[in-house]
Amino acid sequence: MLWAPALPGSASTAFIGGVLAAGLGLGTFAMVVLAMWITSPYPDSGPAGALRVAADLWLLAHGAGLVRTETLAGPPAPIALTPLLCALVPCTLLYRAACHALEPPEDAPPDTPGPAPRPAFTAMLGGYLLVALAAVIYAWSSPVRPAPLSTLLQLPLVAAAFIAAGVWTADGRPGFPAPPFVRRVLPTRLRRWFTRARLTAIVRTGATAVAVLLGGGLLLVGVSLAVHAGTAQDAAIQLAPRWSGRVALALLSVALLPNAMVWAVAYGLGPGFTVGAGSLVAPLSAAPDRPVLPRFPLLAALPEPGAASPVVLAGAAALAAGAGIAIAHTAVPRRPPRVGYGEVAVTAVLGALLCGVLMTVLAYASSGAIGNEALAGFGPPCWRTGGAAAAWTAAIGLPGALVVRWRRGVVRAAPGARDGRAEGGEAVLTGWRRVGYALGLAVAVGPEPAARVVGPEPEREPEPEPEPEPGPGPGPDPGPEAEPEPASEGSRSLWAAMVGWFGFRVPGSARPAPEPEAVVYEPETLPLTPTRHLRDDAAEAAEPRERERGRHRPPKKRGRRRGGAASDWHEPSARRHRWEALKDSGGGLMPDFEPREGE
């Protein structure tokens, strides 16, 4: 481009990246709208009108409000309800383009550095806003035009936020110095506590709680739609009698499904949401009536007016409890380094606060107006929703995190934690023994069996190896005995896997076999094994022949190695003794030749 400096390492690549991200977003919406316009049997306008609708939807996906000038009542009607699934398209394109903003141009030399983060951010934001300005000018002459103030505030803010996140990721996620007012208020020791690892744990804890809340909201919406399936079907048939209109209605319902999930979360946490001016849908709300609403499939999932039933209250309580349990479980790391109770408590509380902030942003983005008077307010109150999310998750997650930390610390601190035993044979968490076995949790085991004294311990001999074939020399000396491999853990049941998610030690599907009884031998009587008798007889039989040949060697003193076995089993003299004994027992059938000694 002519106005972008063509210097290596400049921000021209970032500027072009912003233009391409905006163009791809507009092209995505234009392709969908043009497909609906082509398949519609009664289009209201030409392709230019369809492209203006695509530009309006692209601006609405950034949070910018629209104004519908042609209404039956006369005054213009605002449209400020943003479909969150539509917002996913430009936000993802912005972030992905910003992740490559610091790369040098393609025609630059290999060692050329890319642009600095700040110039790249400014250049990409400028290119994106340039295309947005062209889209606003193009859509200004349509019956649904952009609202000037909302477009001026919302669109640059959303674009700047996601471009900054992408550039920060491309720069390696560096840290930022604390602002001056933070340094004046917080002491140095407290500021140094917030390391990268702790901040990562806090973000992970808060994001997990938000994911659990949204999953619970989706479940509530799905159950409610299944209960009111007949009403939703009648609304869809009345709005779109032809298949092309039903496809467009299905796409709009899917685009608004994330909004319904956030509304269900606000309902489960207690604040509820509004479906028109002067109405409130909440578990404890006793509003007898609501304003007349348009027949839309998703609105059929609204609960009945009045107080909620016990089943609905149980579902709302389960939603809040699930987020608190997620906070408790995520705040305690599963692997070392271990953290103390204070750090776990702070992580749980800050994660709950982050969950509240994120839910505030989502509640604000999912609400808005779709008309005047009764349709002027739709969605949950953002501040109350965020406050309820932070309060519920902190109230349940803080004590839960301390309990999980205590439970994992007890199991890890025990010397025999893997076997569920503590030092001295005492069981871990003996007070939980019956409850643990009733729930399938191996939190306690019985004491170890006492040793039984029966006599002296016999001298252990190694396993007899097969006799070597006659050949030029003795066989190779086998290496040390390999340690036995631990038995593989049995397959786990679904219940055991679900319970193990909460931090308890879950055994395998098969109950472990009891440990063998320990035996202690006394030194008075030492039993002789058949192997020792065979070896001694072979030595006595071979001794006269070796004395006649002049190469008799006195037997070496038997040493002892680990496990009490004799160490002279594989020595050359022992091999000769065994070979002579084998020839004597063969009755003269064995060939008479001397085995060669190994070097």
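Fair warning: this is a prediction, and the values are worked out from it, not measured in the lab. Both backbone and side-chain heavy atoms feed into the values below; hydrogens, waters and symmetry mates do not.
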- Smallest heavy-atom separation, Leu249 atom then Ala236 atom, equals CD2-CA, 3.7 Å

- Message: Would Thr169 and Tyr95 count as a side chain to side chain contact (heavy atoms under 4.5 Å, CB included) here? Give the steps.
- Response: CA-CA 9 Å; Thr169 302; Tyr95 178 77; 3.1 Å; yes

- Would a line drawn from the ring center of Phe162 to the ring center of Trp168 be shorter than 6.0 Å? no

- Item | Reported CG-to-CZ distance for the pair Leu199 and Arg204, which is rounded to 0.5 angstrom | 11.5 Å

- Message: On a heavy-atom basis, which atom in Pro83 and which in Leu60 lie closest, and how many Å separate them?
- Response: CD-CD2, 3.9 Å

- Item | Given Thr205, Val344, Leu398, the one that forms side chain to side chain contact (heavy atoms under 4.5 Å, CB included) with Val349 | Leu398

- Task: Apply the test side-chain hydrogen bond (donor to acceptor under 3.5 Å, both in side chains) to residues Thr385 and Tyr364: give CA-CA distance (whole Å), side-chain angles for both, the deciding distance (0.1 Å), then the verdict.
- Result: CA-CA 9 Å; Thr385 302; Tyr364 174 77; over 6 Å; no

- Message: Working to the nearest 0.5 angstrom, can you tell me the gap between Leu125 CG and Leu94 CG?
- Response: 9.0 Å

- Message: Test side chain to side chain contact (heavy atoms under 4.5 Å, CB included) on Cys91 and Val158; report intermediate values, then the result.
- Response: CA-CA 8 Å; Cys91 295; Val158 172; 4.2 Å; yes

- Task: Decide yes or no for Val210 and Leu214: does some side-chain heavy atom of the first lie under 4.5 Å from some side-chain heavy atom of the second?
- Result: yes

- Task: Kindly check if the number of other-residue, nucleotide or ligand heavy atoms within 6.0 Å of CH2 (Trp193) is above 12?
- Result: yes

- Query: Do the side chain of Ser367 and the main chain of Ala363 share a donor and acceptor less than 3.5 angstrom apart?
  - Reply: yes

- Query: Could you walk me through whether Val357 and Leu353 pass the side chain to side chain contact (heavy atoms under 4.5 Å, CB included) check?
  - Reply: CA-CA 6 Å; Val357 172; Leu353 293 179; 5.6 Å; no

- Take Leu302 and Phe273 through the test side chain to side chain contact (heavy atoms under 4.5 Å, CB included) and record every step on the way to the result. CA-CA 11 Å; Leu302 293 176; Phe273 55 92; 3.5 Å; yes

- Message: Strictly distance-based, threshold 3.5 Å: is any side-chain N or O of Thr39 a donor or acceptor partner for the main-chain N or O of Met36?
- Response: yes

- Query: Hey, are the side chains of Pro380 and Ser366 touching, using non-hydrogen atoms and a 4.5 Å cut-off?
  - Reply: yes

- Query: Roughly how far apart are Phe378 CZ and Ile370 CD1, rounded to 0.5 Å?
  - Reply: 4.0 Å

- Message: Counting the benzene-type ring for Trp, do Tyr128 and His62 have ring centres under 6.0 Å apart?
- Response: yes

- Message: Can you tell me which residue among Leu84, Leu252, Leu218 is in a side chain to side chain contact (heavy atoms under 4.5 Å, CB included) with Leu257?
- Response: Leu218

- Rounded distance [0.5 Å steps], CD1 in Ile325 versus OG1 in Thr330: 11.0 Å

- Is there a side-chain contact between Pro271 and Leu280 (heavy atoms, below 4.5 Å)? no

- Query: Is there a donor-acceptor pair under 3.5 Å between the side chain of Thr69 and the backbone N or O of Pro143?
  - Reply: yes

- Message: Using a 3.5 Å distance criterion without hydrogens, assess whether the side chain of Ser150 forms a donor-acceptor pair with backbone atoms of Ala147.
- Response: no

- Note: Ala132 and Leu155 closest approach over all heavy atoms is CB-CD2, 3.7 Å

- Item | Contact check, side chains of Pro146 and Asp56, non-hydrogen atoms, under 4.5 Å | yes

- Within the distance-only criterion (no hydrogens, no angle test), does the side chain of Thr347 pair as donor or acceptor with the backbone N or O of Ala331 below 3.5 angstrom? no

- Without swapping roles, check the side chain of Arg68 against the backbone of Ala77 for a donor-acceptor pair under 3.5 Å. no

- Count the heavy atoms of every other residue, nucleotide or ligand shown that sit under 6.0 Å from CZ of Arg96, and state whether that count exceeds 12. no

- Message: Would you say that Arg295 contacts Asp234 through its side chain, given a criterion of any heavy-atom pair below 4.5 Å between the two side chains?
- Response: yes

- Task: Return the minimal non-hydrogen interatomic distance between Val167 and Ala101, and the atom names on each side.
- Result: CG2-CB, 4.2 Å

- Side chains of Val53 and Ser142 in contact at under 4.5 Å (non-hydrogen atoms): no

- Spacing of CG belonging to Leu225 relative to CD belonging to Gln233, to within rounding of 0.5 Å: 12.5 Å

- Taking atom CH2 of Trp58 as the centre, does the number of heavy atoms from other residues, nucleotides or ligands within less than 6.0 Å exceed 12? yes

- Query: If only atom types and distance count, is the side chain of Trp392 paired as donor or acceptor with the main-chain N or O of Leu269 below 3.5 Å?
  - Reply: yes

- Can you measure from CE (Met359) to CZ (Arg384) and round to the nearest 0.5 angstrom? 14.0 Å

- Sub-4.5 Å side-chain heavy-atom contact between Leu350 and Leu354: no

- Message: Looking at every heavy atom in both Cys355 and Leu213, which two are closest together, and how far apart are they?
- Response: SG-CD1, 3.8 Å

- For the residue pair Leu81 and Asn259, establish whether any side-chain heavy-atom pair is separated by less than 4.5 Å. yes

- Task: Kindly say whether Ser224 contributes a backbone atom to a donor-acceptor pair with the side chain of His228 at under 3.5 angstrom?
- Result: yes

- Heavy-atom pair of closest approach, residues Ala232 and Pro297: CB-O, 3.8 Å

